[in-house]
Student: 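The structure's right below; bear with me while I get my questions together.
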Amino acid sequence: MTPTRIPIGPQHPLLKEPLSINLSVSGETVLGADLRIGYVHRGIEKLAQQRTYIQNVHLVERVCGICSQAHTTTFCLSVEKLAGIEVPRRAQYIRMLLCELERIHSHLLWLGVLSEAIGFTTIFMYAWRDREIILDLMEDLSGGRVSHSATSIGGVRIDLTPDHERYVQTNLAEFEEQLKLFRDMVLHDRNFQARTRRLGVMGGDLVHRLGLVGPTARASGCTLDIRKQQPYLAYEEMDFQVITGTGGDVWCRAHTRLAEIDESLKIVHQILDGLPEGEVQVRAPRRVPAGEVTTRIEAPRGELFYYVRSDGSDTPARVKVRTPTLPTLASLPHLLSGVQTADVAAVIAGADLCIACADR
């Protein structure tokens with residue numbers, strides 16, 4: 001039988017961002033897949049060379065609307081290393097707080113997208129409803145729901161008042177109650193497990209060969225978490241576990257992310273309980289000494305890598321970004337090969353792609 005070509009995207013009800021996937025199908029079985037990206041390329045790396053370091057903080061925040069805090073944190077850490085700036089501990093804690101809240105809302109967004117893709121519309125609505133609790137917290141702290149503009153070179157622009165801390169604690173208590181629903185679904189719902197177990201299985205060899213990172217890799221047995229292996233900010237002071245799995249399928253990725261939400265909540269409580277006193281900002285020079293630096297942090301989807309090179313002026317000579325979505329995109333043809341066409345939506349949604357991050 002001659003294989004049939006089925007195009008998905010770049011505009012398609014399954015996709016929340018533009019991505020072109022051409023499936024090669026025989027009957028109901030997917031034989032292979034070809035990808036095409038670049039539909040939302042904005043030339044951010046080139047634009048960064050034409051703007052000052054201060055302007056670039058706001059530019060890199062727009063690489064991705066889901067992990068905007070991760071991008072500004074990584075960029076600012078890079079510039080601070082080059083300039084020899086020591087960030088106040090209170091500012092480091094506030095940065096961590098926003099990063100962990102961002103991780104929680106990113107994982108809930110992913111769970112909602114996956115649930116919608118496999119027909120669990122009610123779970124999709126519950127996940128996005130409860131995600132609003134986290135977004136409201138971030139808005140109350142920073143004034144923004146998507147672009148927070150909280151991180152700056154030398155610290156943060158915001159500070160936590162006692163009222164802020166009480167508001168966060170109160171709303172997190174409500175949020176933790178809501179999490180029980182999702183745990184029950186992932187662990188005990190037979191229909192959810194039937195649509196996700198043994199689907200899109202990714203072995204450890206593929207993880208290492210393609211350089212996959214984040215919860216997707218940890219669901220296949222990888223133990224890499226930059227917060228533990230190469231601590232930044234004040235993560236070495238936090239008590240939390242690196243969540244791993246062995247199944248490597250869509251179900252295990254869901255379980256890993258839900259367990260990571262629990263660990264992020266533990267970190268948030270430790271931050272609020274141990275928030276240091278002091279300043280939240282130190283003065284930073286407009287011109288950065290010549291040199292180059294690389295910085296890695298654990299973004300919601302995995303390792304986020306920034307390379308910044310300075311020529312001694314007030315604009316960077318080069319900014320290079322490596323996002324966690326790129327290796328995940330490379331894995332999609334492997335994950336889709338051999339699945340049934342009815343399961344394609346679950347595999348794609350379960351990969352947790354961010355095309356805006358990948359295209360830039």
Side-chain angles (χ1 to χ4, degrees), residues 66-70 73 89-115 120 122-146 148 150-151 156 158-189 192 215 225 227-228 233-243 254-277 280 298-301:
I66 304 302
C67 46
S68 58
Q69 176 65 25
T73 299
R89 288 187 70 245
R90 186 175 179 88
Q92 294 180 4
Y93 269 61
I94 294 174
R95 285 182 182 181
M96 279 197 307
L97 173 63
L98 291 171
C99 283
E100 292 308 314
L101 290 176
E102 185 173 76
R103 192 181 320 278
I104 293 170
H105 97 71
S106 176
H107 286 356
L108 276 182
L109 180 145
W110 173 86
L111 181 62
V113 169
L114 173 65
S115 299
F120 285 71
T122 302
I123 296 299
F124 160 74
M125 298 179 76
Y126 281 150
W128 280 41
R129 177 200 66 184
D130 296 340
R131 175 172 164 262
E132 288 295 312
I133 299 174
I134 305 301
L135 289 176
D136 287 344
L137 290 178
M138 300 188 78
E139 183 180 16
D140 183 70
L141 296 174
S142 68
R145 288 168 58 83
V146 179
H148 309 292
T151 302
V156 291
I158 63 174
D159 199 359
L160 265 65
T161 66
D163 288 340
H164 279 141
E165 295 179 35
R166 283 192 293 270
Y167 179 74
V168 172
Q169 295 279 24
T170 301
N171 283 270
L172 284 182
E174 175 189 353
F175 176 77
E176 289 171 19
E177 283 296 315
Q178 305 284 25
L179 277 180
K180 296 176 182 178
L181 169 69
F182 305 117
R183 291 194 196 95
D184 288 343
M185 178 196 69
V186 171
L187 294 175
H188 304 299
D189 190 288
F192 183 86
D225 188 317
R227 295 173 296 174
K228 281 287 190 182
L233 299 178
Y235 276 108
E236 68 276 5
E237 302 173 20
M238 299 293 113
D239 178 24
F240 66 98
Q241 301 297 318
V242 176
I243 304 300
H255 183 264
T256 298
R257 283 178 172 83
L258 270 181
E260 283 198 0
I261 290 177
D262 290 331
E263 296 302 311
S264 290
L265 289 170
K266 285 170 55 178
I267 294 174
V268 169
H269 287 304
Q270 292 175 66
I271 292 170
L272 294 176
D273 293 339
L275 188 65
E277 298 293 334
V280 297
E298 188 70 25
R301 291 178 176 86

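Just the heavy atoms: all of them, side chains too, but no hydrogens, waters or symmetry mates, feed the values below.
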Student: Using modelled atom types and a 3.5 Å cut-off, is there a donor and acceptor pairing between side-chain atoms of K228 and backbone atoms of F240?
Tutor: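 The answer is yes, because a donor-acceptor pair under 3.5 Å joins these two groups.
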Student: Ignoring hydrogens and angles, tell me if any N or O in the side chain of S68 forms a donor-acceptor pair with the backbone of V146 under 3.5 Å.
Tutor: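 Flag set: sc S68 to bb V146 pair under 3.5 Å.
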Student: Please tell me if the side chains of I134 and L172 come closer than 4.5 Å, counting only heavy atoms from C-beta onward.
Tutor: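 Answer yes - side chains close enough.
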Student: Should we count OH of Y126 as having more than 12 external heavy atoms under 6.0 Å?
Tutor: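 Counting neighbours around OH of Y126, 12 or fewer heavy atoms of other residues, nucleotides or ligands fall under 6.0 Å, so no.
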Student: How far apart are the C-alpha atoms of R145 and D136, what are their side-chain angles, what is the distance that settles it, and do they pass the side chain to side chain contact (heavy atoms under 4.5 Å, CB included) test?
Tutor: CA-CA 7 Å; R145 288 168 58 83; D136 287 344; 3.3 Å; yes
Student: CD of E236: more than 12 outside heavy atoms within 6.0 angstrom?
Tutor: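 Counting other residues, nucleotides and ligands, CD of E236 exceeds 12 neighbours.
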Student: Can you name the nearest heavy-atom pair linking W128 to L109, along with the distance?
Tutor: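 Smallest heavy-atom distance, with atoms named: NE1-O, 3.5 Å.
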Student: Looking only at atom types and distance, does a side-chain atom of R257 sit under 3.5 Å from a main-chain N or O of L108, one as donor and one as acceptor?
Tutor: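 Between the backbone of L108 and the side chain of R257 there is no qualifying donor-acceptor contact (under 3.5 Å).
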Student: If we ignore angles and hydrogens, is there a donor and acceptor under 3.5 Å between the side chains of Q169 and H269?
Tutor: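 There is such a pair between these side chains.
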Student: Is R89 paired with E237 through a side-chain N to carboxylate O contact shorter than 4.0 Å?
Tutor: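 Salt bridge between E237 and R89, a charged N being under 4.0 Å from a carboxylate O: yes.
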Student: Is it true that Q69 and T73 share a donor-acceptor pair across their side chains at a distance under 3.5 Å?
Tutor: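 Their side chains do contain a donor-acceptor pair, which is all the 3.5 Å distance test asks for.
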Student: Does the side chain of E100 reach to within under 4.5 Å of the side chain of E263, using non-hydrogen atoms?
Tutor: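 Side-chain contact under 4.5 Å: no.
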Student: Hey, does the side chain of E102 reach the backbone of A70 with a donor-acceptor pair shorter than 3.5 angstrom?
Tutor: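 Yes, because the side chain of E102 sits within donor-acceptor range (under 3.5 Å) of the backbone of A70.
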Student: Closer than 3.5 angstrom, by distance alone: can the side chain of R103 be matched with the main-chain N or O of E260 as a donor-acceptor pair?
Tutor: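 Checking the backbone N and O of E260 against the side chain of R103, no donor-acceptor pair under 3.5 Å is found.
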